[in-house]
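Notes follow the structure.
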Amino acid sequence: MASPQHRRVLVVEDDETIATAVRNRLVAEGFDVRVVHDGEAALIAYAKAEPDVVVLDRLLPGVDGLEVCRRIQAARPVPVLMLTALGEETDVLVGLGVGADDYIAKPFSMRELVARIHALLRRVERAAALAHEDAVIRVGEVEINTAERRVFVRGTEAQLTRTEFDLLRRLAERPGQVFERERLLSDIWGFSEAAATRTVDSHVRALRRKLGSQVVRTVHGVGYALVRS
């Protein structure tokens, strides 16, 4: 993977204390970091800087984080890690629905933030490496085009985020097999911490909203499996 020095991160956070702490940690990790504090500035900075990753606060003055995410994904898809102080699951799902690839709840550790960013970048590189594959995976009514990273349900395309696609593809590699939450967290997000397994749960719920409630089966206390038919 390319070194962090070649990676640009746009941080959008209205709390200057948090923004400064995030910037300092990412700079120390070798990233090229730009920080802005509101939605309008974020859209301008995004167009000029063309970042590799956006760290985006959910609540912003003016144009809020959801609208910023919606607009930048429409302009040029980019990995978005959303910061949220909101504990309601519906707020998380809305964020994932407008194109956020991942989220992290405040307060968060800088170690986890850095791990999430590296995981997003690894997924981008894996997607590029797989772009030459000409494989279609069919499981029940779901068709996954791995080369084009497109998913169809009963012939209708479902718009998935990068993370949702990678999660679905991992489950589809072995339909019917139960994947533990910790294993999915390690395979997709690049780290494994029991406290972070809610991230997996939220993305599974987002997949069900887009593909149908019966596509992914929950095995309580263990994890998830893609239903064969």
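Quick caveat: nothing in here was measured; it's all calculated off a predicted structure. Heavy atoms only: backbone and side chains are in, while hydrogens, waters and symmetry mates are out.
Asp52 contributes atom CG, which lies 11.0 Å from atom CD1 of Ile117 (distance to the nearest 0.5 angstrom). For the atom pair CZ of Arg7 and NE2 of His118, the computed distance is 10.5 Å after rounding to the nearest 0.5 Å. To the nearest 0.5 Å, atom CD1 of residue Ile18 and atom CD of residue Glu13 are 4.5 Å apart. Here Met82 contributes atom CE and Ile104 contributes atom CD1; the two are 13.0 Å apart, rounded to the nearest 0.5 Å. The CG atom of Leu168 sits 6.5 Å away from the CG atom of Leu160 when rounded to the nearest 0.5 Å. Atom CG in Asp15 sits 8.5 Å away from atom CG in Asp57 (nearest 0.5 Å).
With sequence neighbours left out, the side-chain contact (heavy atoms from CB on, under 4.5 Å) criterion links Arg170 to Glu173, Phe179, Arg183, Leu184, Asp187, Ile188. With sequence neighbours excluded, the residues that form a side-chain contact (heavy atoms from CB on, under 4.5 Å) with Val216 are Leu171, Val204, Arg208, Tyr224, Leu226. Looking at residues two or more places apart in sequence or on another chain, you find no side chain to side chain donor-acceptor pair (under 3.5 Å) involving Gln73. Residues that satisfy the side chain to side chain donor-acceptor pair (under 3.5 Å) test with Arg154, not counting sequence neighbours, are Glu141. Not counting sequence neighbours, the partners of Asp102 by the side chain to side chain donor-acceptor pair (under 3.5 Å) test are Arg116, Trp189.
Neither side chain, Thr146 nor Arg169, offers a donor N or O lying under 3.5 Å from an acceptor on the other.
Using a 4.5 Å heavy-atom cutoff, the side chains of Val11 and Arg23 are not in contact. Looking at Pro79 and Arg162, their side chains come closer than 4.5 Å, going by heavy atoms from C-beta outward. With contacts defined as side-chain heavy-atom distances shorter than 4.5 Å, the pair Leu113/Val22 qualifies.
A donor-acceptor pair under 3.5 Å links the side-chain atoms of Thr20 to the main chain of Glu16, judged by distance alone. Distance alone, capped at 3.5 Å, is enough to place a donor-acceptor pair between the Arg8 side chain and the Ala49 backbone. With Asp101 contributing its side chain and Val80 its backbone, the two residues share a donor-acceptor pair below 3.5 Å. Side chain of Arg228 to backbone of Pro175: a donor-acceptor contact under 3.5 angstrom is found. Side-chain atoms of Glu164 come within 3.5 Å of backbone atoms of Thr161 as a donor-acceptor pair (strictly under, hydrogens ignored). A donor-acceptor pair under 3.5 Å is formed between the side chain of Asp38 and the backbone N or O of Ala41. The main-chain N or O of Leu83 is never found under 3.5 Å from a side-chain atom of Lys106 such that the two would form a donor-acceptor pair.
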(message) Go through it in stages, so that I can follow the logic: the residues are Val200 and Glu180, the test is side chain to side chain contact (heavy atoms under 4.5 Å, CB included), and I'd like the CA-CA distance, side-chain angles, deciding distance and then a yes or no.
(response) CA-CA 10 Å; Val200 179; Glu180 295 181 347; over 6 Å; no
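Between Ala172 and Ile144, the closest heavy-atom pair is CB-CD1, 3.5 Å. Arg181 and Gly223 get closest at one heavy-atom pair: NH1-N, 3.7 Å. Closest heavy-atom contact between Ala42 and Leu10: O-CD2, 3.8 Å. Of all heavy-atom pairs between Ala100 and Cys69, the closest is N-SG, 3.5 Å.
Within 6.0 Å of atom CD in Glu67, more than 12 heavy atoms from other residues, nucleotides or ligands are found, so the atom counts as buried in its surroundings.
Hydrophobic cluster membership of Val222, counting Ile, Leu, Val, Met, Phe, Trp and Tyr whose side-chain heavy atoms lie under 4.5 Å apart directly or via other members: Val178, Val219.
Between Glu157 and Arg150 there is a salt bridge, since at least one side-chain N of the basic residue sits less than 4.0 Å from a carboxylate O of the acidic one.
Criterion: ILVMFWY side-chain heavy atoms under 4.5 Å apart, direct or through other members. Under it, Ile44 and Tyr46 are not part of a common hydrophobic cluster. Transitive grouping of hydrophobic side chains (ILVMFWY, heavy atoms separated by less than 4.5 Å) brings Leu43 and Val98 into a common cluster. Clustering ILVMFWY residues whenever any of their side-chain heavy atoms sit less than 4.5 angstrom apart, transitively, puts Val215 in the very cluster that holds Val153. Follow the hydrophobic side-chain contacts under 4.5 Å out from Val227 and you never reach Leu207; the two are in separate clusters. Clustering ILVMFWY residues whenever any of their side-chain heavy atoms sit less than 4.5 angstrom apart, transitively, puts Phe108 in the very cluster that holds Leu26.
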